[in-house]
Amino acid sequence: MRREIVLLVLALALVVPAAPVMADNSVYGSPDVSLSVADDTFKASEAATLSVVASNDGDIRQGGPAQYEEKIKTAQNVRMTVLEDQIDAPIDVKTGTVVRGSLPGASTAPFDFNIEIGNATPGTYRIPVRVEYKHVRAVQYSDTEQPEYVWSTVDERKSVTITVEDRPQFDVVSEGTNSIFAGDTGNLSFTIENTGTRTAHDASVRLSTQSDSLYFGSPTNAKAQTGLYVPTLEPGERTTVSAQVGAGPETAAGEYPVNAVVSYENQNGVTEQSDTLTTGVQVRPERSFELRDVSTENFRVDENEARINATVVNTGPGDARNVAVMLGQTSTVTATNGESAVGDLAVGESAPVSFTVAIPASAEPGTNTFPFTVQYENADGDVRETDAPLRQSIAIGPERDPFTVTNVSTGVSPGGSDSVTVSVRYNGEKPVSATNAKLFVSDPISTSDDGAYLGAMTPGETKNATFTVSAGSGALVKEYAASVEVRYDDADGDTKYTDGLPIGIPVSPSSGGLPVPLPVIVVAVLVVAGGAYVLYRRQ
């Protein structure tokens with residue numbers, strides 16, 4: 001009964017402090033919670049964190065053992081709520097009640113609230129806060145019995161103040177198309193507005209990107225960031241800024257962010273910075289081209305005017321201006337005309353291209369790979385080139401003889417002689433002159449007239465070279481190997497010789513008539529007849 005009376009007296013003492021009643025072996029007091037703001041300066045039109053710091057100083061009115069004093073000074077199950085509906089400002093609180101386990105005496109704890117500040121007029125604003133907790137307000141203890149606790153619940157209305165700064169503030173209010181092709185450059189443009197309340201003087205906009213494949217400036221002077229100058233920007237004023245931006249040819253298609261930070265001088269001449277603004281660049285795939293319908297003319301060894309013909313197609317994704325296709329260097333041929341300009345090509349359009357090369361006599365016949373690159377101009381008139389060459393496999397044919405034998409005609413037989421007519425065709429591209437054909441034979445065939453002058457010949461022309469040959473009496477009836485060599489002067493006046501053009505000289509069987517040729521017999525008959533006539537007249 002006595003313990004209950006003491007606790008009652010203590011309780012009355014707490015609620016009637018003007019006439020406290022002290023009790024032996026008792027401790028009483030309460031937490032003393034005050035509020036402050038860690039950073040009380042904010043900007044209009046921003047999302048921020050309001051960090052309310054609760055400090056507990058604790059108040060002991062009658063002391064006792066330390067453990068009981070600590071128990072009394074501790075605020076337990078502390079809860080804090082920002083009373084949004086009582087704020088006289090365009091401030092939205094996005095966080096509800098924040099709960100902390102306990103707040104001992106002589107300690108602090110932050111209570112963070114996500115807030116959004118609208119277009120608030122610069123100035124000071126009161127933020128009402130509700131604080132709730134429970135605590136032990138009195139302890140009765142003795143050496144022989146367990147301590148008795150008196151609990152109390154606190155529900156207070158407090159407030160903190162914040163300041164909305166009078167300062168410039170910026171926002172991206174519109175953006176251009178900001179689309180570029182991989183492997184190319186383009187224009188990044190956007191409009192920023194001073195949404196703050198003061199003028200920004202000597203402002204500069206620093207652009208940066210976190211992508212290694214995106215850069216500012218030209219490909220030969222690529223930079224990870226760049227700056228743009230804005231002399232002044234009044235509150236509510238807008239300005240459009242632009243910069244050259246590029247993407248490497250390996251850049252994957254997609255949207256890439258670009259960060260913008262505005263630096264400016266405040267009214268005191270001190271340089272300040274805005275929060276990071278974000279805009280973006282859309283990277284489209286690199287322009288691509290194809291070579292189709294590849295064909296060749298005179299593409300063979302020892303040919304000075306071999307030709308490659310093809311069709312170039314713009315396969316997208318963007319139009320290309322002043323397109324030119326270039327034949328790359330190879331160790332096999334030498335380009336005598338390695339560029340073919342085709343003009344503008346829209347997506348899906350095509351145009352013919354052709355190239356002329358010289359193929360040396362030392363080249364080996366066979367299939368070789370030839371690289372082609374495509375150059376074009378972008379919208380700014382800058383010359384760009386495809387990153388990877390277009391490779392084509394093209395076969396080099398064997399060397400073609402400038403002359404060929406198309407026909408051999410003769411009637412020579414064993415032990416006899418006859419003319420041989422050889423039809424020679426000129427296969428070159430330009431006229432030649434002083435053409436001579438020479439016949440080469442071997443036993444049992446011989447020749448007494450082995451040269452034939454053919455004179456000037458035009459491409460595709462055929463002329464007959466006539467020779468006289470004899471076949472030994474022991475010749476067999478068959479075709480004997482021979483060859484014809486042609487000497488000629490080319491279009492440049494240089495004298496050239498062909499290799500021996502192989503031919504066959506057929507030996508035909510004898511017809512079986514008189515062993516003496518008919519003309520000889522006729523002459524002999526006439527001689528005999530004439531002699532007989534003379535003898536007859538003398539008689």
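Computed over heavy atoms, backbone and side chain alike; hydrogens, waters and symmetry mates excluded.
- Note: Phe170 and Tyr264 meet the aromatic proximity criterion, with ring centroids under 6.0 Å apart.
- With values rounded to the nearest 0.5 angstrom, Ser179 atom OG is found 8.5 Å from Glu255 atom CD.
- When side chains are defined from C-beta on, Gln76 counts as touching Lys71, because their heavy atoms get closer than 4.5 Å.
- Defined by atom type and a distance below 3.5 Å, a donor-acceptor pair is present between the side-chain atoms of Ser218 and Thr220.
- Nearest heavy-atom pair, Gly318 versus Val347, reported as atom, atom and distance to 0.1 Å: C-CG2, 3.5 Å.
- Between the CZ atom of Arg130 and the OG1 atom of Thr81 there is a distance of 6.5 Å, given to the nearest 0.5 Å.
- Take Tyr68 and apply the ring pair (Phe, Tyr, Trp, His ring centres under 6.0 Å) test, not counting sequence neighbours, and it matches Tyr141.
- In this structure, Ile91 and Leu50 have side chains that are not in contact, with every pair of non-hydrogen atoms separated by 4.5 Å or more.
- Remark: Arg126 does not engage Asp88 in a salt bridge, criterion side-chain N to carboxylate O under 4.0 Å.
- For the residue pair Thr108 / Ser55, no side-chain donor-acceptor distance below 3.5 Å is found, with atom types taken as modelled.
- Of the inter-residue distances, the one linking Ile192 atom CD1 with Gln169 atom CD reads 12.5 Å to the nearest 0.5 angstrom.
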Let me check something: any side-chain donor-acceptor pairs from residues 298-305 under 3.5 Å, sequence neighbours excluded? List them with distances.
unit_1, atom_1, unit_2, atom_2, d
Asn298, OD1, Arg300, NH1, 3.4
Asn298, OD1, Arg300, NH2, 3.3
Asn298, ND2, Glu429, OE2, 3.4
Arg300, NE, Glu303, OE1, 3.4
Arg300, NH2, Glu303, OE1, 3.3
Glu303, OE2, Glu305, N, 3.4

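- Counting only distance, with no hydrogens or angles, the side chain of Asp380 and the backbone of Asp382 share no donor-acceptor pair below 3.5 Å.
- Side chain to side chain, Asp344 and Tyr376 fail the donor-acceptor criterion of an N or O pair below 3.5 Å.
- Inter-residue side-chain proximity for Asn314 and Glu349 is flagged as unmet; no heavy-atom pair is nearer than 4.5 Å.
- The closest side-chain heavy-atom distance from Ile394 to Asn368 is not below 4.5 Å.
- Residues satisfying the side chain to side chain contact (heavy atoms under 4.5 Å, CB included) criterion with Thr197, sequence neighbours excluded, are Pro122, Asp166.
- Considering only heavy atoms from C-beta on, Glu70 comes within 4.5 Å of Pro104 through its side chain.
- Side-chain contact between Ile308 and Val294 is present, with at least one heavy-atom pair separated by less than 4.5 Å.
- Among residues at least two apart or in separate chains, salt bridge (charged side-chain N to carboxylate O under 4.0 Å, His left out) pairs with a member in residues 169-188 are Asp184-Arg287, Asp184-Arg384.
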May I have the step-by-step check of side chain to side chain contact (heavy atoms under 4.5 Å, CB included) for Tyr256 and Thr251, ending in yes or no? CA-CA 10 Å; Tyr256 289 81; Thr251 307; 3.4 Å; yes
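- For the residue pair Ser211/Ser213, the side-chain donor-acceptor check at 3.5 Å is satisfied.
- For Thr199 and Glu234, the side-chain atoms include at least one donor-acceptor pair closer than 3.5 Å.
- Under the ring pair (Phe, Tyr, Trp, His ring centres under 6.0 Å) criterion, Tyr133 pairs with no residue, sequence neighbours left out.
- A donor-acceptor contact shorter than 3.5 Å is absent between the side chain of Asn309 and the backbone of Thr296.
- In this model, no donor atom of one side chain and acceptor atom of the other lie less than 3.5 Å apart for Thr356 and Thr336.
- By the 4.5 Å heavy-atom criterion applied to side chains, Ile87 and Ile127 are counted as neighbours.
- Ile359 CD1 to Ile396 CD1: the interatomic distance, rounded to the nearest 0.5 Å, is 5.0 Å.
- Side-chain contact between Val323 and Val374 is present, with heavy atoms from C-beta onward closer than 4.5 Å.
- Residue Ile115 holds its CD1 atom at 9.5 Å from CG of Asp92, rounded to the nearest 0.5 Å.
- Atom-to-atom distance recorded for Thr49:OG1 and Asn114:CG is 5.0 Å, nearest 0.5 angstrom.
- Checking each of Ile60, Asp59, Asp32, Asp57 against Lys73 for a side chain to side chain contact (heavy atoms under 4.5 Å, CB included) leaves exactly one that passes, namely Ile60.
- Take Glu165 and apply the salt bridge (Lys or Arg N to Asp or Glu O under 4.0 Å) test, not counting sequence neighbours, and it matches Arg167.
- Taking the six-membered ring wherever Trp is involved, the centroid distance between the rings of Phe370 and Phe355 does not fall below 6.0 Å.
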